[in-house]
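Reviewing the structure listed below.
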Amino acid sequence: MAKHKIAWLPGDGIGKDVLNAARVSLDALGLDAEYIHGDVGWEFWRKEGNPLPDRTIELLKRTDCCLFGAITSKPRDEAAMELAPELRDKGFVYFSPIVKLRQLFNLHTNMRPCRAFAGNPLNFRDDVDIVVFRENTEGLYSGVEFHPVPKDVMDAFVKHEPKSKRFASVPSDDLAVTVRLYTRKACRSIVTQSFEYAKKHNLKSVTVVEKPNVLRETGGLLVGEARKIAANYPGIELWETNIDAMCMWLVKNPQIYSVLCAGNMFGDIISDLAAQLVGGLGFASSANIGDDYALFEPTHGSAPKYVGMNKVNPMAALMSAKLMLEYLGEDTMAKTLEAAVARVIADGKVRTYDMGGSDKTTDVADEVARFCR
Ligand code: NAI
Ligand code: MG
């Protein structure tokens, strides 16, 4: 029996290309794993009315972790029109498989390393080395939303918060509400993981990105917990920065930051910003980690315009595979893979179009794999 069981979910479009590339490196490294294919994405929405079939969920439950490619997603009404004719008007509603997986497997932590590799022509600066820890299941993305707003919900707002009175006379259909929910537990968890990471890697600061002066209750809870937890890590400074200022600082002085810690939405925003500092979508890897499961994925989507062209950059997927190797305890292989990626970028001989080259996805995959053997 193989040492590791990995759910293999390429999904749509270039998801297949980049996962194939990752596999070439994992095989070159000699990872002792069983890879089990799972169906996910647009094809299964159209054919079955479900982009995340139950059999795939069951598959994930039987594996140690998952490597995920990318999926195609469309707004609800557009999605409904693309259903197979016999499935139309049967009540199927499109949902995002990746958001659902995060919730189903309680993948509460999203970790996104943004390290500038030496020699990458796409670097904004060459000295950026940031890791974003984003809370992944709560906040503004909890899914608690109303439109129209039911009367008893509006009544409760008015009863408990006089400031909501100015909205009470708005017709319910002309008002939409999205609730930002933070639990103390999730706040403590994301902050603790940020500090533990800083400690393990000998980093000097953790920056909590919030807006507690305006979002007093949710922002206040996260920052308050961060202060308490920071007290247990005397060698690491806690920096508190507002989200708006953080966007400015990340452009002005990104090299002074090491660990950024944020709730779901602000974490989403700064992780895209930080990723672009080190080359953008072709380089942005991520880990979605829970207490007993984890899913690794490049953060880019299915890039429909490059489907079947063997053209996109596989580095984000390769670095996601590297995060998976760390999760599986295969630290030596993880280091070898990262060094191979760094080497190929620095050599500059084999490059996809986004880096100014004309090599194929498979060329880059083979070149990285050469340094993994
Ligand atoms: P996208 O990330 O698929 O592509 C945007 C553009 O970025 C591409 O056209 C390409 O120019 C560039 N790009 C992306 N990945 C690249 C790579 N590995 N190498 C080089 N260049 C790369 O985003 P887009 O076009 O907004 O969305 C396409 C589909 O993907 C949509 O259906 C969207 O809903 C879905 N999507 C899925 C995600 C996921 O699976 N987690 C995340 C983002 C979008
Ligand atoms: Mg995003």
Side-chain angles (χ1 to χ4, degrees), residues 73-80 91-110 132-192 194 207-230 238 240-248 260-273 288 290:
S73 250
K74 295 189 187 175
R76 224 200 282 192
D77 296 346
E78 237 176 277
F92 292 108
V93 178
Y94 184 78
F95 61 88
S96 158
I98 190 76
V99 173
K100 177 91 171 272
L101 283 171
R102 284 173 185 160
Q103 282 161 2
L104 268 177
F105 289 86
N106 188 25
L107 305 176
H108 46 67
T109 301
N110 191 296
V132 180
F133 281 88
R134 161 190 170 196
E135 200 292 318
N136 218 12
T137 50
E138 302 190 344
L140 271 172
Y141 300 175
S142 300
V144 182
E145 303 196 280
F146 305 98
H147 183 223
V149 182
K151 184 171 180 309
D152 51 345
V153 171
M154 198 64 226
D155 289 348
F157 282 154
V158 171
K159 179 173 170 207
H160 294 285
E161 176 48 83
K163 285 199 221 68
S164 36
K165 274 194 188 130
R166 69 193 171 102
F167 299 105
S169 58
V170 178
S172 65
D173 194 43
D174 293 345
L175 189 66
V177 173
T178 298
V179 185
R180 193 187 208 224
L181 289 161
Y182 276 25
T183 62
R184 193 184 302 278
K185 184 177 174 207
C187 291
R188 293 190 64 83
S189 165
I190 200 71
V191 173
T192 303
S194 302
T207 305
V208 171
V209 185
E210 250 302 334
K211 187 84 181 178
N213 52 332
V214 178
L215 302 169
R216 289 171 192 277
E217 304 309 332
T218 44
L221 186 64
L222 178 58
V223 173
E225 291 305 317
R227 288 182 189 168
K228 285 190 236 163
I229 289 166
L238 171 67
E240 299 171 17
T241 309
N242 282 345
I243 175 67
D244 43 351
M246 191 72 224
C247 292
M248 183 189 71
L260 306 183
C261 169
N264 208 338
M265 186 184 193
F266 293 164
D268 196 7
I269 295 169
I270 49 169
S271 47
D272 273 25
L273 207 176
N288 297 273

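Here, residue 1 is the first one in the sequence, and each next residue gets the next number.
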* Mind checking the CG-CG spacing from L215 to L222? Nearest 0.5 Å is all I need. => 11.0 Å
* Counterpart residues, side-chain hydrogen bond (donor to acceptor under 3.5 Å, both in side chains), relative to T241 (two or more places apart) -> none
* Go through the structure and list residues passing side-chain contact (heavy atoms from CB on, under 4.5 Å) with E161, not counting sequence neighbours. => K163, S164
* What are the two closest non-hydrogen atoms of I270 and V132, and how far apart are they? -> CD1-CG1, 4.2 Å
* With sequence neighbours excluded, residues passing salt bridge (Lys or Arg N to Asp or Glu O under 4.0 Å) with E210 -> R180
* **For K159, salt bridge (Lys or Arg N to Asp or Glu O under 4.0 Å) partners two or more places apart** => none
* Structure fact -> Rounding to 0.5 Å, atoms CG (L221) and OG1 (T183) come to a distance of 8.0 Å
* To do: Drop me the distance from I190's CD1 to T109's OG1, to the nearest 0.5 angstrom.
  => 4.0 Å
* Which atom names give the shortest non-hydrogen contact between P212 and G220, and what distance separates them? -> CB-N, 4.0 Å
* Structure fact -> Sorted by chain and residue number, the side-chain contact (heavy atoms from CB on, under 4.5 Å) partners of K74 (sequence neighbours excluded) come out as W42, T72, E78, E82
* **Gap separating the CD1 atom of I98 from the CG atom of N288, nearest 0.5 angstrom** => 5.5 Å
* Residues which pass ring-ring contact (aromatic ring centres under 6.0 Å, His included) with F133, listed by chain and number, not counting sequence neighbours -> Y197
* Structure fact -> Sorted by chain and residue number, the side-chain contact (heavy atoms from CB on, under 4.5 Å) partners of N213 (sequence neighbours excluded) come out as K211, N242
* **All salt bridge (Lys or Arg N to Asp or Glu O under 4.0 Å) counterparts of E138, not counting sequence neighbours** => none
* Structure fact -> Of all heavy-atom pairs linking Y94 and S96, the shortest is CE2-N, 4.2 Å
* With respect to E135, which candidate in N110, V191, N264 satisfies the side chain to side chain contact (heavy atoms under 4.5 Å, CB included) definition? -> N264
* To do: Please identify each residue that fulfils side-chain contact (heavy atoms from CB on, under 4.5 Å) with V170, with sequence neighbours left out.
  => D174, L175
* Can you name the closest pair of heavy atoms from C247 and L273 and give their distance? -> CA-CD1, 3.6 Å
* What pairs of residues pass the salt bridge (charged side-chain N to carboxylate O under 4.0 Å, His left out) test when at least one of them lies in residues 95-107, not counting sequence neighbours? -> R102-E297
* Of the non-hydrogen atoms in R134 and G267, which two are nearest, and what is the gap between them? -> CD-C, 3.7 Å
* Asked: When rounded to the nearest 0.5 angstrom, what distance separates CG in L107 from CG in N136?
  -> 7.0 Å
* Asked: For T207, which residues count as a side-chain hydrogen bond (donor to acceptor under 3.5 Å, both in side chains) partner, sequence neighbours excluded?
  -> none
Just list the side-chain donor-acceptor pairs under 3.5 Å for residues 140-158, sequence neighbours left out, or say none.
| unit_1 | atom_1 | unit_2 | atom_2 | d |
| --- | --- | --- | --- | --- |
| Y141 | OH | D268 | OD2 | 3.0 |
| S142 | OG | G139 | N | 3.3 |
| S142 | OG | G139 | O | 2.7 |
| E145 | OE2 | T178 | OG1 | 2.5 |
| H147 | NE2 | D173 | O | 2.8 |
| K151 | NZ | D155 | OD2 | 2.7 |

